[in-house]
Structures are given as C-alpha cells and as structure tokens.
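Atoms considered below: every heavy atom in the structure, side chains included; atoms not considered: hydrogens, waters and symmetry mates.
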Amino acid sequence: MPSMLDALDLDPVQQQIYEALVDGAVTVPDLRSALGLGTARVRAALESLERLNLVGRFDADRPQGRGGEERYLPVAPEVAFESLLVAREEELQRTRRHIQLLATRFRANSEGRDPLDLVEIVTGRAAVIRQVDQLQRSARGEIRGIDRPPYANSDPDRLDPKTGMMPVQAQMLGRGIAYRVIYDTEGLATFDHRLNTDIEACAELGEEARVMADTPTKMLIADDRLALIPLRAAPNELVSSVVVHPSGLLEVLCEFFEVLWGRALPISEYLAGRRPGASGGPDAEEARLLALLTTGMTDQVMARQLGVSYRTFQRRLHGLMERLGATTRFQLGMRAASLGWVPQATAPSPRRDAARSPASSRAGTRRGDVRTALNGHA
C-alpha cells in the first residue's frame, strides 16, 4: 500500500518506524512489539532516520531513560520534513528546466529530421491508453480534442466512479490546463458519454465543450507540439494510433480542429452555470434540455440522456415551449436565442483567425444557427 511519505524516498521500514514513534513508541522494544520487526532492522532504520534528522536519541543513563533503554523521539513532522520537501521541489525544478532545454533542442533539430521521425505508430490498446495520458500530462497550456467512438479507455476502472471523467483530465483541469473538446453526437447517442455526468463535470471544471455530428476522426492535440490520431480502429475498440510531432502535418491538424470548432455548437455554457441572464433564465433541467436540442439527436436518444421516458421528455419540451410562448421548435430556438438562453460560438482567437482559410470562413456562417439546431429530429 503506497504511503504519502513515499515521495520523500523513505523506505517502508523507515516510514513504519517514524509513524510508530509519532504514535508513542519510544524504545527499541516498543518498536519491535508494535511492528513485529527484528532488533537489527529497527536499529538500522533508527540510525538512518537520525542521519536524516527525523529522529532524536536520548541516552539510557539520562533521566528520560526507561528500564535502561535508549529512548527515541520523532522530530516534529512539520519541521522534520520541510527541508526534504524543499530539496525535492528544487530537484523537480531542475528536472523541469532540463526537460525544457531538451525540448528546445528537439524543436531546433526537428527541421532536419528524417520525415519518418516526425510520426510514430502506437499499437495495442494499452499502449494507446498510455499515450493518451502522456499527451495530456505533457500540455503546458491547452488540450484540444475531437471525441467520438470507438474508445480505448472506456473501462469502468479507468473512469471516476462518480463523474465518469478520466482522472488525468480532472488533474490537468485542476492545474489550469485549458480544454476545448468537440463531442460527436454518436458518442452521446450510444451512451459513451452522459450529459449530466462526465460532460457536465468537465464543464464545471472549465472545459469548453461543443457538439457536432459526423466528425471525420478522433483527435487529441497538446498545445501546438503533439497530436494523436487513430491509425486503425477495430469495430468497437481503438487499437492503434499515430503520434504526430512538430511538422507541417501537425500544423494542418491544428488548423483542421479550428475549422471544426467554428462549425460546432457550444453546450458547456449550459452546463457550468455560466448562462447569461440568470434572473428568469432556464433552470438546470431546462438548460440540459436546450443543450440536447442543439445536438440534433433524436427525441428518443435525448430522453435517454436525460434519464427520463420519451413521454416525460415530450412533456418537458412542450412545457419549455409554452414558457417561451413558442408553438414550434423553430420558434423555441428563436425565443431562446433572443433571451440569451442559447450560447453562441465565440470568435476565434486572433492567432488562429489570421490563418483562416476560405473554407473556415464559410464555416463561420453556421455559427449561432440555433434555428437549425433546435429544430431537432422527431
């Protein structure tokens, strides 16, 4: 069982000894009795803890002695471990600086590399999962992704049991890494994602989510430095991927994502409590319903996403239409947009907009087209 002190390079016996001293053991016999260890192991661990200034020893002939035994007392934890923590933090900073230096050298030499070195093939489900995690952990500013089936990491033990999120994403969002993700409607329709669990949990942590039908491929991009796309997918499982390093291909993939991002419809604003006009605005259930209506999924699938029957879904939909004075979904979309209940796609960043192609400019005409999105499917 890992201990919180593992990070300070204390071995298991040292950890047991120190914690037993904290709990009140003071002599070698005390420690032997509490831990079931031999005298030699106890004494060796105590000597090493003394060298680390984590333990103090009192001679047997001093008043503190008990039954002629030397007494050992722990140095207060907040004092004892501070220097070790500082040393470890300094070591990590040196390691980070060296990695940055290596990354600079790598980029400087990338132009002269063999084209075959600009991509690498990852095969096997376990290897693909590791690469997905490594790519996310490598990000320093932003992760961009297109999320669609099949999935390599959908096992229950790979997901947070409460939110359904991947733990790595939660960790990176907690560190301030931005996420922009386009969810394909197929993943929503097949229950690989749930609006009121993992997508909503991600939105609450700051992920910007949009939805789009018929996305052409899965993709994951870390900053502008690394991308991961499928090489070959089995019918129900991702079994191989291509890692793309800095190159013309990577630049194309980054621009390709931005084109699709401009076409996709936003949903995270509904789910993270950032909806404009809070006074008189949609409640949580209405916000989820509006978010689902933007996806263009069938009413049956939307009902399953909400965890309600088809009849209940219809009742909620008609209740929302009645509240906004709409008799058709077209009118519902117009009224919701006029009230600010339907989030609009934001303009691209200047850095990206400067390189927009004519195709992406045409794609921009679809932004905010809530009338089509809310018209839905029967």
**Item:** Carboxylate-amine/guanidinium contact D224 R144, below 4.0 Å
**Value:**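 Judged by the 4.0 Å cut-off on N to carboxylate O distance, D224 and R144 do form a salt bridge.
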**Asked** Does the distance from a Lys or Arg side-chain N to an Asp or Glu carboxylate O, for E286 and R316, drop under 4.0 Å?
**Response** no
Going by heavy atoms in the side chains, are [X] and [Y] under 4.5 Å from each other?
X	Y	value
R32	T39	yes
L231	S241	no
I221	L135	no
M219	L253	yes
I146	Y183	no

Distance (rounded to the nearest 0.5 Å) between [X] [atom1] and [Y] [atom2]:
X	Y	atom1	atom2	value
L205	I177	CG	CD1	13.5 Å
L37	I17	CG	CD1	5.5 Å
L332	T328	CG	OG1	8.0 Å

**Asked** Taking only residues two or more places apart in sequence, or in another chain, which ones meet F313 in a ring-ring contact (aromatic ring centres under 6.0 Å, His included)?
**Response**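 For F313 there are no ring-ring contact (aromatic ring centres under 6.0 Å, His included) partners, ignoring immediate neighbours.
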**Request:** Show your reasoning for whether side chain to side chain donor-acceptor pair (under 3.5 Å) applies to D30 and T27.
**Result:** CA-CA 5 Å; D30 290 339; T27 66; 3.1 Å; yes
Has [X] got a side-chain atom pairing as donor or acceptor with [Y]'s backbone, closer than 3.5 angstrom?
X	Y	result
Y310	R304	no
S33	L31	no
H98	R94	no
T95	E91	yes
S48	A45	yes

**Message:** As a quick check of understanding, evaluate salt bridge (charged side-chain N to carboxylate O under 4.0 Å, His left out) for R180 and E258, giving each step before the final call.
**Reply:** CA-CA 10 Å; R180 285 192 289 150; E258 296 300 331; 2.7 Å; yes
**Prompt:** Are V252 and L226 co-members of a hydrophobic cluster defined by side-chain heavy atoms under 4.5 Å apart?
**Reply:**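 Each belongs to a different hydrophobic cluster.
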**Prompt:** Q171 and Q136: side chain to side chain donor-acceptor pair (under 3.5 Å), yes or no, with the steps?
**Reply:** CA-CA 10 Å; Q171 293 167 12; Q136 291 183 85; over 6 Å; no
**Message:** Would you say that more than 12 heavy atoms from the other residues, nucleotides or ligands in this model lie under 6.0 Å from the CD of E50, or not?
**Reply:**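 Atom CD in E50 is crowded, with more than 12 foreign heavy atoms closer than 6.0 Å.
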**Prompt:** M212 and side-chain contact (heavy atoms from CB on, under 4.5 Å): which partner among D184, T185, L265, L260?
**Reply:** L260
**Request:** Only counting residues at least two apart or in another chain, list the ones meeting salt bridge (Lys or Arg N to Asp or Glu O under 4.0 Å) with R335.
**Result:** none
**Request:** Under the salt bridge (charged side-chain N to carboxylate O under 4.0 Å, His left out) rule, what do D214 and R148 come out as? Steps first, then yes or no, please.
**Result:** CA-CA 9 Å; D214 302 321; R148 58 163 298 142; over 6 Å; no
